[in-house]
> 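Handing you this structure, nothing more for now.
Values below: all heavy atoms of this structure, side chains included; hydrogens, waters and symmetry mates excluded. So that the names make sense, note that chain A is the first sequence line, chain B the second, and so on, each numbered from 1.
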Amino acid sequence: MKAQTTAPTLTVRSLINRDNNIVQLLVMTVLIFAVMTALSPDKFLRYYNFESITYIFPELGLLSIAMMIAMLTGGIDLSVVGVANLSGILAGVLFHKMAGAAGIADTGILVVLLGAVVALGTGLVAGTVNGLLITRLGITPILATLGTGQVFTGLAIVLTGGPAIVGFPTAWAFLGNGKIAGLATPFVLFAAIAALIAFILTRTAFGINLMLIGTNPKAALFAGLKRERMVLHSYMLTGVLASVAGIILSGRTNAAKSDYGNSYLLQAVLIAVLGGTNPAGGKGSVLGITIAVVALMLLSSGFQILRFSNHLIDFIWGGFLLLVIVINAYKNRTR
Amino acid sequence: MALLRRSEMVIAGILLLAMVLIGTINPAFWQLDNLFSLMRSNVIIGIMAMGVLLVLISGGIDVSFPAFAVAAMYLTVKGMLLIGYNGVVLPLLAATAIGLLCGAVNGFFVYKFRMIPLIVTLGTSAMVRGFLLGVVGTSMININKMPTALIDFARTDVVSVTKADGSTYGLTAMVLIYVGLALAMHLMLRYTMIGRSAYALGGDPEAARRAGFDLRKTIFFIYCVAGALAGFAGLLHSGMIWLANPRDFVGFELDVIAAVVLGGASIFGGRGTVLGTMLGVFMLVMVKNSLIIMKVDTTWQLVAVGLIVIIATALSAWRDRRQPA
């Protein structure tokens with residue numbers, strides 16, 4: 001009885017809360033934008049700057065969405081960067097093996113499609129391994145994905161021997177560098193995937209079940225939800241998203257390497273937390289992640305324009321993460 | 001208690017089996033200088049493992065200690081060069097203090113904001129490394145500039161043997177420091193209130209609180225000790241390899257966590273022993289070294305360590321699910 005009466009009010013309240021969070025994120029984004037504009041108006045406000053952001057942020061955005069999905073059930077996925085690199089490298093190895101006399105750049109569209117299948121398949125298999133380790137063997141997500149992340153990165157090193165695989169087909173590079181109707185392809189891809197994930201999380205039984213499992217695992221169990229299968233599927237989805245990020249990354253840089261994007265792991269966690277995801281589970285939205293990633297990209301491009309070193313930017317990311325923790329703690333306290 | 005002893009026996013048994021196996025494949029394994037160098041490789045990872053053991057027992061996790069170690073090492077050596085000081089005890093104390101301070105930040109965030117330790121330590125780790133490389137410097141301090149006292153200290157041998165061809169090799173005295181710290185950790189975990197409170201916290205935080213443990217004190221203590229041990233080990237490491245590299249210890253957290261989990265510490269908290277951890281450290285170091293002796297390509301090392309983590313955590317999860325502590 002009680003559940004029936006509280007359920008609707010709860011959703012209304014969480015909606016308001018979510019909107020609050022989104023409003024705060026938007027305010028923060030505008031603030032960052034204003035400060036950076038004030039600091040170096042001539043360089044920051046150039047069209048080129050914003051255009052380059054639309055090429056760079058999708059891969060990080062996808063990794064952050066992947067991280068958020070893992071966090072929805074109270075887990076985490078530390079292997080996303082490893083999965084992304086391994087996907088790009090496996091596709092690269094395939095292209096180099098299948099390249100005809102015309103060279104890699106002119107590889108046929110069928111081979112490129114095959115490469116995409118291989119890359120996405122890698123993500124799916126990797127995610128399945130993570131999910132099975134977590135649900136069947138009962139390993140905590142942190143340690144399971146820490147271990148598998150190392151194995152994926154290790155396999156990437158074994159495949160390449162260390163150096164980068166350089167040279168991808170033109171059609172592949174289009175995914176990372178091209179333009180669709182004047183917009184960056186990665187941006188279009190990101191928008192489509194983000195919309196799809198948002199739909200899955202808020203409008204399908206799967207997404208709602210995930211939220212319920214994260215909010216109250218015991219209640220979800222008594223409600224008859226198939227927890228193990230849901231969690232397994234969520235890690236499979238996480239793996240596939242990571243491999244899409246890998247495809248875009250290798251397409252954009254025309255190369256794939258075992259240690260690309262190392263700092264993405266921290267940033268993905270930071271963006272997920274900043275975007276309103278509760279690492280203990282049950283809360284998170286694609287919209288929040290999207291705004292958070294855009295805000296951080298504006299911040300990072302501003303710092304680069306101001307000639308901060310990459311190390312210093314890492315320092316600021318770390319500090320930002322701790323700051324967000326403090327702010328979230330105070331926000332939850334007043335509620 | 002008998003149960004714990006049994007799981008250590010299992011680890012020791014596997015270790016012996018692995019040693020016999022590796023020794024059969026390559027008899028060079030049993031040579032005294034190889035064994036000595038194995039023990040030497042145990043020291044740094046072992047000291048750090050003591051801190052990680054404490055964190056894991058309390059149900060937390062720490063991925064920031066390699067960053068603290070490298071910061072303590074680099075800052076101390078840089079400071080020594082700056083003021084022209086050449087000694088051992090004070091620098092080691094300074095490095096320990098730097099690690100302790102960093103650890104206190106972890107403790108503060110974990111306790112005060114009830115944040116998942118992984119996320120906190122990811123943040124502090126990035127901050128410390130970023131600060132070190134972005135503000136302090138990126139250049140290595142080589143043997144020609146390294147303080148001689150540190151090198152001489154780390155060079156001390158307990159036993160030294162002269163080979164037929166006149167070259168000598170020995171067992172480094174640093175092993176004694178490692179064993180001493182391990183013993184102290186063992187006594188602390190077993191006989192002091194603060195040690196027991198770490199187990200209590202890892203077993204069930206709410207129960208520990210109601211039983212009257214001061215969780216604030218416990219959490220601060222745990223992360224401070226983990227940081228302090230990392231700082232100490234960091235400086236010792238630079239003395240042993242005659243080099244202070246501000247980019248050192250990258251990816252080290254996985255090796256250490258792997259070793260601790262391999263040593264039977266529960267990934268759910270509440271269980272773990274010093275002896276088991278020492279065996280786990282030895283096993284991990286041995287496997288990594290033996291990959292080289294057995295002529296396995298070094299590119300496979302990462303895969304091997306990753307698989308060890310997965311297998312060890314799977315076993316730990318399986319054991320703890322069957323016999324809830």
> Which atom names give the shortest non-hydrogen contact between A:Gly318 and B:Ala126, and what distance separates them?
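Nearest pair, atom of A:Gly318 first, then B:Ala126: CA-CB, 4.1 Å.
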> Between A:Val273, A:Thr148, A:Leu270, A:Leu265, which shows the greatest number of heavy-atom pairs under 4.5 Å with chain B?
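Maximum pair count with chain B is reached by A:Thr148.
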> What I'd like to find out is whether the side chain of A:Thr140 reaches to under 4.5 Å of the side chain of B:Thr313, using heavy atoms alone.
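Result no, sub-4.5 Å side-chain heavy-atom pair not found.
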> Once rounded to the nearest 0.5 Å, what's the spacing between atom CD1 of A:Ile76 and atom CG of B:Leu122?
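With rounding to 0.5 Å, CD1 (A:Ile76) is 6.5 Å from CG (B:Leu122).
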> Measuring only between side-chain heavy atoms, which start at C-beta, is B:Ile61 closer than 4.5 Å to A:Leu143?
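Of all side-chain heavy-atom pairs linking A:Leu143 with B:Ile61, at least one is under 4.5 Å.
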> What residue in A:Ala280, A:Pro279, A:Gly161 has the most heavy-atom pairs under 4.5 Å with chain B?
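Greatest number of close heavy-atom pairs with chain B: A:Pro279.
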> Step by step, would you call A:Leu78 with B:Leu118 a side-chain contact (heavy atoms from CB on, under 4.5 Å)?
CA-CA 10 Å; A:Leu78 300 176; B:Leu118 175 77; 4.1 Å; yes
> Out of curiosity, A:Ile157 CD1 to B:Gln301 CD, how far, rounded to the nearest 0.5 Å?
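These two atoms lie 10.0 Å from each other.
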> Determine the option with the most heavy-atom pairs under 4.5 angstrom with chain A, choosing from B:Ala312, B:Ser316, B:Gly306.
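With the most close heavy-atom pairs to chain A, the winner is B:Gly306.
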> With a 4.5 angstrom heavy-atom cut-off, which part of B:Ile257 approaches chain A: side chain, backbone, both or neither?
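It is the side chain, since no backbone atom gets that close.
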> A:Tyr330 vs B:Phe113 aromatic rings, parallel, tilted or perpendicular, using cut-offs 30° and 60°?
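Rings of A:Tyr330 and B:Phe113: perpendicular, as their planes differ by over 60°.
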> Shorter than 4.5 Å, heavy atoms on both sides: which option in B:Ile119, B:Val309, B:Ile311, B:Thr138 has the most such pairs with chain A?
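Looking at each of B:Ile119, B:Val309, B:Ile311, B:Thr138 in turn, B:Ile119 comes out on top.
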> Do A:Phe315 and B:Leu133 have side chains that get closer than 4.5 Å, going by heavy atoms?
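Sidechains of B:Leu133 and A:Phe315: no contact.
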> What is the distance from atom CZ of B:Phe109 to atom CG of A:Leu322, rounded to the nearest 0.5 Å?
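Atom-to-atom, B:Phe109:CZ and A:Leu322:CG are 4.5 Å apart.
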> What's the spacing between A:Ile139 CD1 and B:Ile310 CD1 if we round to 0.5 Å?
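So the gap between those two atoms works out to 7.0 Å.
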> B:Gly134 and A:Ser309: which non-hydrogen atoms are nearest, and at how many Å?
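Nearest heavy atoms, B:Gly134 then A:Ser309: CA-OG, 4.0 Å.
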> Quick check on the interface: out of A:Leu137, A:Val158, A:Val151, who has the most heavy-atom pairs with chain B under 4.5 Å?
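Option with the top pair count is A:Val158.
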> With rounding to the nearest 0.5 angstrom, report the CG to CE distance, A:Asp314 to B:Met127.
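Rounded to the nearest 0.5 Å, the CG-CE separation comes out at 11.5 Å.
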